[in-house]
Amino acid sequence: MLEDQTCLVTGGSRGIGRAVAEELGRNGADVAINYRSSEAAAEATAEAVREEGGNAITVQADISDYEQVEAMRETVTAEFGPLDVLVNNAGITIDKKFENMTKNDWDRVIDVNLGGAFNCTHCFFEDIKSAENGRLINISSVVGQQGNYGQANYATTKSGLFGFTRTLALELASEGSTANCIAPGFVETDMLETVPERVQEKILRRIPLNRFARPEDVSGIVRFVASPDSSYMTGQVIAVNGGMEW
Ligand code: NAP
């Protein structure tokens with residue numbers, strides 16, 4: 001389904017990004033797996049892709065640093081040629097009630113979640129634009145749709161991705177490339193582990209399907225959006241949240 005496609009997954013070492021990298025590789029794409037510090041986990045993801053017959057490399061870069069992203073582009077291009085599919089997945093949380101949130105807590109989350117999406121998209125924009133099956137896929141969150149107590153910084157970045165996606169959908173459309181956002185609900189990854197158990201229980205009561213998502217619940221949707229099957233869909237926010245109201 002993704003033969004001859006080159007994909008970059010930011011934050012592909014763990015969690016949702018790892019599942020996405022494996023899914024894209026399994027479906028024939030060449031996959032570049034970005035990480036910030038978890039080298040061994042990124043290598044394990046690449047190895048998992050290779051074990052299933054796929055082609056993968058790992059590439060270290062802090063996506064909040066434009067120069068590091070430029071260097072990442074050079075590595076990916078040298079190995080695989082121009083990019084077809086960018087999955088802006090890497091993200092962080094620094095959760096605090098707003099009154100306790102420092103300027104640094106605010107800036108860091110904005111710099112990684114929104115600044116990182118800008119940096120990666122900017123560096124690969126021409127590739128995506130000129131690709132036959134160019135795809136920009138931004139991983140947002142249900143929290144961007146409904147807000148969440150203690151996540152003013154994070155929710156702002158995840159809402160920001162909606163406007164970013166819709167605007168770039170317009171700017172890519174003349175070339176037939178697309179931009180879409182996926183907004184997962186709460187997914188069983190290290191990120192969810194940081195949420196206190198009593199809060200997790202509260203969240204669970206709001207999920208009609210009565211379970212948290214598994215990374216694979218998201219990666220299958222990413223595979224569809226990355227594929228030519230989604231070519232008439234652009235500027236959309238796809239909720240994958242177990243039926244949570246917002
Ligand atoms: P995770 O398990 O905490 O993994 C985060 C990934 O992002 C890791 O691969 C990490 O790399 C990478 N990363 C963090 N900062 C980075 C930076 N500055 N530069 C490059 N890579 C960086 O997170 P996750 O739960 O899979 O979440 C993935 C995405 O889905 C995020 O955008 C998150 O907001 C979104 N999301 C998650 C949930 C959820 O409930 N888990 C729900 C909705 C949306 P290292 O391993 O090197 O640190």
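Remember, it's 1-based here, ligands and their atoms both numbered in the order they're listed. Quick note: residue numbers are just sequence positions, from 1.
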Practice prompt. May I ask whether Phe164 and Val112 are part of the same hydrophobic cluster, defined by side-chain heavy atoms of I, L, V, M, F, W, Y residues being less than 4.5 angstrom apart, directly or through others?
Written response: yes
Discussion item. So if I count the atoms of ligand 1 from 1 in the order they appear, which ones are less than 4.0 Å from some heavy atom of Asp62?
Written reply: 17 (C), 18 (N), 19 (N)
Worksheet item: Would you say Val187 and ligand 1 have an N/O pair spaced under 3.5 Å apart?
Response: yes
Discussion item. Between Ser159 and Gly144 (side chain of the first, backbone of the second, donor and acceptor by atom type, cut-off under 3.5 Å), is there such a pair?
Written reply: yes
Worksheet, complete the sentence: atom 5 (C) of ligand 1: of Gly115, Gly91, Cys120, Ala117, the nearest heavy atom sits on Gly91
Worksheet item: Does Arg18 pair with Glu22 as a salt bridge, N-O distance under 4.0 Å?
Response: yes
Discussion item. Just by distance, no angles: are the side chains of Asp30 and Gln5 close enough, under 3.5 Å, to form a donor-acceptor pair?
Written reply: no
Worksheet item: Under a heavy-atom criterion of less than 4.0 Å, does Lys158 contact ligand 1?
Response: yes
Discussion item. Testing Leu161, Ile238, Asn88 one by one against Cys181 for a side chain to side chain contact (heavy atoms under 4.5 Å, CB included), which residue passes?
Written reply: Leu161
Response to the item:
ligand 1 to Ile92, heavy atom cutoff 4.0 Å, flagged ligand atoms 14 (C), 15 (N)
Practice prompt. List the closest protein heavy-atom neighbour of atom 10 (C) of ligand 1: residue, atom name, distance to the nearest 0.1 Å.
Written response: Arg14 NH2, 3.6 Å
Worksheet, complete the sentence: atom 44 (C) of ligand 1: of Ser38, Ser140, Ala213, Ala61, the nearest heavy atom sits on Ser140
Worksheet item: Does the side chain of Asp62 pick up a donor-acceptor pair with the side chain of Gln68 at under 3.5 Å?
Response: no
Response to the item:
Quick note on ligand 1: atoms under 4.0 Å from a heavy atom of Ser37 include exactly 45 (P), 47 (O), 48 (O)
Discussion item. I want to know if ligand 1 touches Ile16 in the polar sense, i.e. an N/O pair below 3.5 angstrom.
Written reply: yes
Item to complete: Would you kindly say whether Asn180 and Ser230 are connected by a side-chain donor-acceptor distance under 3.5 Å?
Response: no
Practice prompt. Examine Tyr154 against ligand 1 and note whether any of their N/O atoms are separated by less than 3.5 Å.
Written response: yes
Practice prompt. May I ask whether Gly116 places a heavy atom under 4.0 Å from ligand 1?
Written response: no
Practice prompt. Do me a favour and list the nearest non-hydrogen protein atom to atom 9 (O) of ligand 1 with residue, atom name and distance?
Written response: Ser13 OG, 2.7 Å
Discussion item. Checking Asp111 against Ser64: is there a side-chain donor and acceptor pair closer than 3.5 Å?
Written reply: no
Discussion item. I'd like to check which ligand 1 atoms, numbered from 1 as shown, lie under 4.0 Å from a non-hydrogen atom of Asn89.
Written reply: 28 (C), 29 (C), 30 (O), 31 (C), 32 (O)
Response to the item:
Scanning both residues in full, the closest heavy-atom pair of Pro184 with Val218 reads CB-CG2, 4.0 Å
Worksheet item: Under 4.0 Å from ligand 1, counting heavy atoms only, is it the side chain of Asn113, its backbone, both or neither?
Response: neither
Worksheet item: Just which atoms of ligand 1 are under 4.0 Å from any heavy atom in Tyr35?
Response: 47 (O)
Worksheet item: Below 3.5 angstrom, do we get any N/O pair linking Ile63 and ligand 1?
Response: yes
Worksheet, complete the sentence: The atoms of ligand 1 lying under 4.0 Å from a heavy atom of Asn34, numbered in the order shown, are 20 (C), 21 (N)
Item to complete: Salt-bridge test for Arg26 and Glu23: reply yes if a basic N is under 4.0 Å from a carboxylate O, no otherwise.
Response: yes
Worksheet entry | For atom 42 (C) of ligand 1, the option (of Ser141, Gly185, Gly144) bearing the nearest heavy atom | Gly185
Worksheet entry | Top protein contact for atom 16 (C) of ligand 1, by heavy-atom distance | Arg36 CB, 3.9 Å
Worksheet item: For ligand 1, which atoms have a heavy atom of Ala90 less than 4.0 angstrom away?
Response: 7 (O), 12 (C), 13 (N), 21 (N), 22 (C), 32 (O)
Worksheet item: When you check the side-chain N and O atoms of Asp105 and Thr102, is any donor under 3.5 Å from an acceptor?
Response: yes
Discussion item. Closer than 4.0 angstrom, basic N to acidic O: yes or no for Arg50 and Glu47?
Written reply: yes
Worksheet entry | Candidate pair Arg211 and Asp217, rule salt bridge (Lys or Arg N to Asp or Glu O under 4.0 Å), full reasoning | CA-CA 11 Å; Arg211 66 170 175 86; Asp217 292 317; 2.9 Å; yes
Practice prompt. Indicate whether the side chain of Asn34 and that of Thr10 have a donor and an acceptor atom separated by less than 3.5 Å.
Written response: no
Worksheet item: Nearest to atom 12 (C) of ligand 1, what protein heavy atom do you find, and at what distance?
Response: Gly11 CA, 3.5 Å
Discussion item. How far is atom 24 (P) of ligand 1 from the closest protein heavy atom, and which atom is that?
Written reply: Thr189 OG1, 3.6 Å
Worksheet entry | Phe186: numbered ligand 1 atoms lying under 4.0 Å from its heavy atoms | 40 (O)
